Participant: 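One structure, pasted below without further comment.
As the structure is a computational prediction, the values presented were derived from the model and not from experiment.
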Amino acid sequence: MILSRDAEMDIHTIGRIIEARRTSIGLKKHRLAKLARLSRQTVYDLERGTLKDLSFGRLSRLLTVLGFSFDNPSLVARQKKRGLWMAAKTSSVSYRDDLSEEMLERILLTGEVPPGFEAHIGYLLGQAPIEYVVMAVEETSQHAHQAPSKIWSNVARLATSLSPNRKELWV
């Protein structure tokens, strides 16, 4: 959903935007809450329109996870970012072999990591900014015409074996 700069942003409008975005990228409420370090009830109440107030910090974390900027939640800004590329480059920073966008996309689609790239995926899921993973899942889903939920299932399986320090976020 793209908003004009003239659109009035109240908490109810933001809740609808967040719900639409969360649904479009295949995140369940509880997973979005974990990724943004919020309670599931907060996300539930925000989307239902019953939340009365949300701090700037908590809203900012939600918008960041979903790939929005705070000043104007817009998919235009998100679509300019190359999430798979950002995730692949971030995952390769400390390793001899680079993880390509295409390889990362295959890994997310299949849940299978080629030998020698386990550390890359472990770093992505364990250390990289959460929004990079969200963007990579979204782009993979779009490119492959797969439901995001299938890709999120693969992320959860990969995190279980390769990301002990943040696996609770992904499972």
Participant: According to a 4.5 Å side-chain heavy-atom criterion applied to Ile, Leu, Val, Met, Phe, Trp and Tyr, with indirect links allowed, do Ile17 and Tyr44 form part of one hydrophobic cluster?
Facilitator: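 Each belongs to a different hydrophobic cluster.
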
Participant: Hey, any chance Met86 and Leu124 share a hydrophobic cluster, counting ILVMFWY side chains that come within less than 4.5 Å of each other, even indirectly?
Facilitator: no

Participant: To the nearest 0.5 Å, what is the distance between CG on Leu62 and CG on Leu54?
Facilitator: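 Output value for this atom pair is 6.5 Å.
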
Participant: Please report the interatomic distance NZ(Lys28) to CZ(Arg22), rounded to the nearest 0.5 Å.
Facilitator: 8.5 Å

Participant: Do Met135 and Trp152 sit in the same hydrophobic cluster, where Ile, Leu, Val, Met, Phe, Trp and Tyr count as joined when their side-chain heavy atoms come under 4.5 Å apart?
Facilitator: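 Per the 4.5 Å side-chain linkage, Met135 and Trp152 are not co-clustered.
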
Participant: Looking only at heavy atoms, what is the nearest atom pair of Ser24 and Pro148, with distance?
Facilitator: O-CG, 3.8 Å

Participant: Looking only at non-hydrogen atoms, find the nearest pair between Leu51 and His12 and report the distance.
Facilitator: O-CE1, 4.5 Å

Participant: According to salt bridge (charged side-chain N to carboxylate O under 4.0 Å, His left out), does anything in residues 141-168 pair up with another residue at least two apart or in another chain? List the pairs.
Facilitator: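 Checked against salt bridge (charged side-chain N to carboxylate O under 4.0 Å, His left out) - neighbours excluded - no pair reaches residues 141-168.
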
Participant: Under 3.5 Å, side chain of Ser141 to main-chain N/O of Ala147, donor-acceptor pair present?
Facilitator: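 No; judged by distance alone, with no hydrogens or angles, the pair does not exist.
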
Participant: Atom CG of Leu27 and atom CG of Leu66: how far apart are they, to the nearest 0.5 Å?
Facilitator: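 Between Leu27 CG and Leu66 CG, I get 7.0 Å after rounding to 0.5 Å.
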
Participant: Are any side-chain N or O atoms of Arg61 and backbone N or O atoms of Arg37, one a donor and one an acceptor, separated by less than 3.5 Å?
Facilitator: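 At least one qualifying donor-acceptor pair exists.
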
Participant: I'd like to know if Val171 and Val133 are part of one continuous hydrophobic network [Ile/Leu/Val/Met/Phe/Trp/Tyr, side-chain heavy atoms within less than 4.5 Å].
Facilitator: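 In one cluster: no.
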
Participant: Who pairs with Glu19 by side chain to side chain donor-acceptor pair (under 3.5 Å), at least two apart in sequence or on another chain?
Facilitator: none

Participant: Please collect all salt bridge (charged side-chain N to carboxylate O under 4.0 Å, His left out) contacts where either partner lies in residues 93-103, sequence neighbours excluded, each pair once.
Facilitator: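 Sorted result for residues 93-103: Arg82-Glu101, Lys89-Asp98.
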
Participant: Given the rule in the side-chain contact (heavy atoms from CB on, under 4.5 Å) test, do Ile25 and Val134 qualify, once you have shown the distances and angles that lead to the verdict?
Facilitator: CA-CA 8 Å; Ile25 60 174; Val134 173; 3.4 Å; yes

Participant: In Å and rounded to the nearest 0.5 Å, what is the CG to CD distance from Asn165 to Gln127?
Facilitator: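 These two atoms lie 5.0 Å from each other.
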
Participant: Could you give the side-chain donor-acceptor pairs of residues 104-119 under 3.5 Å, partners two or more places apart or in another chain?
Facilitator:
unit_1	atom_1	unit_2	atom_2	d
Glu105	OE2	His143	ND1	2.6
Thr110	OG1	Arg106	O	2.8
Thr110	OG1	Glu112	N	3.1
Glu118	OE1	Gly116	N	3.0

Participant: Just jot down the side chain to side chain donor-acceptor pair (under 3.5 Å) partners of Thr42, sequence neighbours excluded, or say none.
Facilitator: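 Ser39.
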
Participant: Between Leu59 and Ile18, does a side-chain contact (heavy atoms from CB on, under 4.5 Å) hold up when you go through it step by step?
Facilitator: CA-CA 10 Å; Leu59 180 58; Ile18 286 173; 4.1 Å; yes

Participant: Rounded to the nearest 0.5 Å, what separates atom NZ in Lys29 from atom CG in Leu38?
Facilitator: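 Answer for the NZ-CG pair, Lys29 versus Leu38, is 14.0 Å.
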
Participant: Hey, what do you get for CD1 (Ile130) to CG (Leu32), rounding to the nearest 0.5 Å?
Facilitator: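 Rounded to the nearest 0.5 Å, the CD1-CG separation comes to 10.5 Å.
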
Participant: Verify, without hydrogens or angle tests, whether Ser91 (side chain) and Tyr123 (backbone) share a donor-acceptor contact under 3.5 angstrom.
Facilitator: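 Checked: no pair found.
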
Participant: Hey, is the main chain of Arg40 close enough, under 3.5 Å, to the side chain of His30 for a donor-acceptor pair?
Facilitator: no

Participant: If Ile, Leu, Val, Met, Phe, Trp and Tyr residues are connected whenever their side-chain heavy atoms lie under 4.5 Å apart, and connections chain through other members, are Trp85 and Leu125 in the same group?
Facilitator: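 In one cluster with Trp85: Leu125, no.
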
Participant: Go through the structure and list residues passing side-chain contact (heavy atoms from CB on, under 4.5 Å) with Pro129, not counting sequence neighbours.
Facilitator: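 If we apply the side-chain contact (heavy atoms from CB on, under 4.5 Å) test to Pro129, skipping adjacent residues, the hits are Thr90, Glu131, Tyr132.
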
Participant: Check Glu138 with Arg21, please: is the shortest side-chain N to carboxylate O separation under 4.0 Å?
Facilitator: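 Yes.
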
Participant: Determine whether a donor-acceptor pair (N or O, by modelled atom type, separation under 3.5 Å) exists between the side chain of Ser60 and the backbone of Gly57.
Facilitator: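 A pair under 3.5 Å: no.
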
